[in-house]
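Scroll down for the structure; my scribbles are underneath it.
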There are 2 protein chains.
Amino acid sequence: MDTDKLSSGTCAISRGLALVGDAWSALILRDASLGMTQFDQFRTSLGIAPNILSRRLKALTEAGVLEKRRYSERPPRDEYVLTQAGRDFLPILAAMGEWGRRYNGGGRALSHLVDDRTGQPIDAVVVDGNTGKPLRDTPMHLVMPTV
Amino acid sequence: MDTDKLSSGTCAISRGLALVGDAWSALILRDASLGMTQFDQFRTSLGIAPNILSRRLKALTEAGVLEKRRYSERPPRDEYVLTQAGRDFLPILAAMGEWGRRYNGGGRALSHLVDDRTGQPIDAVVVDGNTGKPLRDTPMHLVMPTV
DNA sequence: CCGAATCCACCTTGATACTG
DNA sequence: CAGTATCAAGGTGGATTCGG
């Protein structure tokens, strides 16, 4: 079971998994959510090797999470901006952070979402879309096609 | 940046990432949510090599998502059951499924949560815990320590 | 400034065979 | 039934160097 099979699979979950399975990708999304757009901004912020960064940016772009946009023709310059899909992925990362903090971490909110308008931390919780109730202590099971 | 640094990092998100980064793990969690407990059940259900399965089960156990319990002394037999942390992780996987379906997939709900009591599919959405509003179209950014 | 091309070391997967 | 041992093959991260 390689990454190709993962991202090309028919399962919707597997596409998300293929995305965040890599550690750098989450950090790139973080920086992108902070407004970073340029190759070298990411590179210096993360201390990542340029070829790796290039590979990740391409993967994230192909996944539809980032969009590559040319903002200068001479010299040719591209920038990477979050798409709607990319912005929608942030809450999922945040929910994962809440989970990790609840069961493994200390009380410190080392990773979290911040509302741009208020500057206040957001606590991301996964709820049942119909009832609005948190999906905790709900007896349930996961249905997933075999990849 | 290797997996060790990921799972041992101080960042809460990274622990979740290290978990689901592997494709098998999600499938194991699915089967566990369906009530599977034994080694060979997982093995035949997934068609996974025994050494790989062993490794995954150990990792998931150490991550606190599964619990290894001895249910027979002679012969010694262990079973793996979801912990509370493991059950709480299912909605996150489901949310990832919703995301993948929205932006990449067709309309078919290939992967989703099912309520054990009603048998009805649950749609998992990430909301702001304070306002209860879905975290979409909310201007926000992610804060994360560098791994 | 933004990458692509090379190259290497390592890790991990996964098949198979074997044991208690 | 529940794993461990061994080993081959391939993928991945990363340093470095070079081109547009």
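We name chains A, B, ... by the order of the sequence lines, and we start the count at 1 in each one. As the structure is a computational prediction, the values presented were derived from the model and not from experiment.
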In whole angstrom, give the distance that lies between atom [atom1] of [X] and atom [atom2] of [N].
X	N	atom1	atom2	result
Arg55(A)	dT12(D)	CZ	P	8 Å
Asp22(A)	dG13(D)	CG	C1'	10 Å
Trp24(A)	dG13(D)	CH2	C1'	10 Å
Ile28(A)	dG3(C)	CD1	P	12 Å
Lys58(B)	dA2(D)	NZ	P	16 Å
Arg70(A)	dC1(C)	CZ	P	17 Å

Enumerate the residue pairs fulfilling side-chain hydrogen bond (donor to acceptor under 3.5 Å, both in side chains) with a member in residues 50-67 of chain A, sequence neighbours excluded, ordered by first and then second residue.
-> Asp22(A)-Arg56(A)

Residues that [X] engages under side chain to side chain donor-acceptor pair (under 3.5 Å), provided they are two or more places apart:
X	result
Arg69(A)	none
Gln41(A)	none
Asp115(B)	Arg117(B)

Please collect all salt bridge (charged side-chain N to carboxylate O under 4.0 Å, His left out) contacts where either partner lies in residues 81-93 of chain B, sequence neighbours excluded, each pair once.
-> Arg136(A)-Asp88(B)

Between [X] and [N], does any side-chain N or O lie under 4.0 Å from OP1 or OP2?
X	N	answer
Ser54(B)	dG3(D)	no
Arg56(A)	dG13(D)	yes
Tyr71(B)	dC1(D)	no
Lys68(B)	dG3(D)	yes

For nucleotides 15-20 of chain C, read 5' to 3', which letter fits each nucleotide if B means a protein heavy atom sits under 4.0 Å from the base, S means only the sugar-phosphate is that close, and - means neither?
-> BBB---

Side-chain donor-acceptor contacts of residues 125-133 of chain B below 3.5 Å, not counting sequence neighbours, with atom names and distances?
residue	atom	partner	partner atom	Å
Asp128(B)	OD1	Asn130(B)	N	2.7
Asp128(B)	OD1	Thr131(B)	N	3.4
Thr131(B)	OG1	Lys133(B)	N	3.1

Connected hydrophobic set around Val81(A), excluding itself, where side chains approach under 4.5 Å | none

Any side-chain donor near an acceptor of the partner, Asp123(A) and His112(A), under 3.5 Å |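 Not at all, the side chains of Asp123(A) and His112(A) share no donor-acceptor pair under 3.5 Å.
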
Linked, directly or transitively: Leu34(B) and Leu113(B) (ILVMFWY side chains, under 4.5 Å) =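 Per the 4.5 Å side-chain linkage, Leu34(B) and Leu113(B) are not co-clustered.
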
Residues from residues 36-43 of chain B lying under 4.0 Å of DNA chain D - heavy atoms =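 Going residue by residue through residues 36-43 of chain B, the ones with a heavy atom under 4.0 Å of DNA chain D turn out to be Gln38(B), Phe39(B), Asp40(B).
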
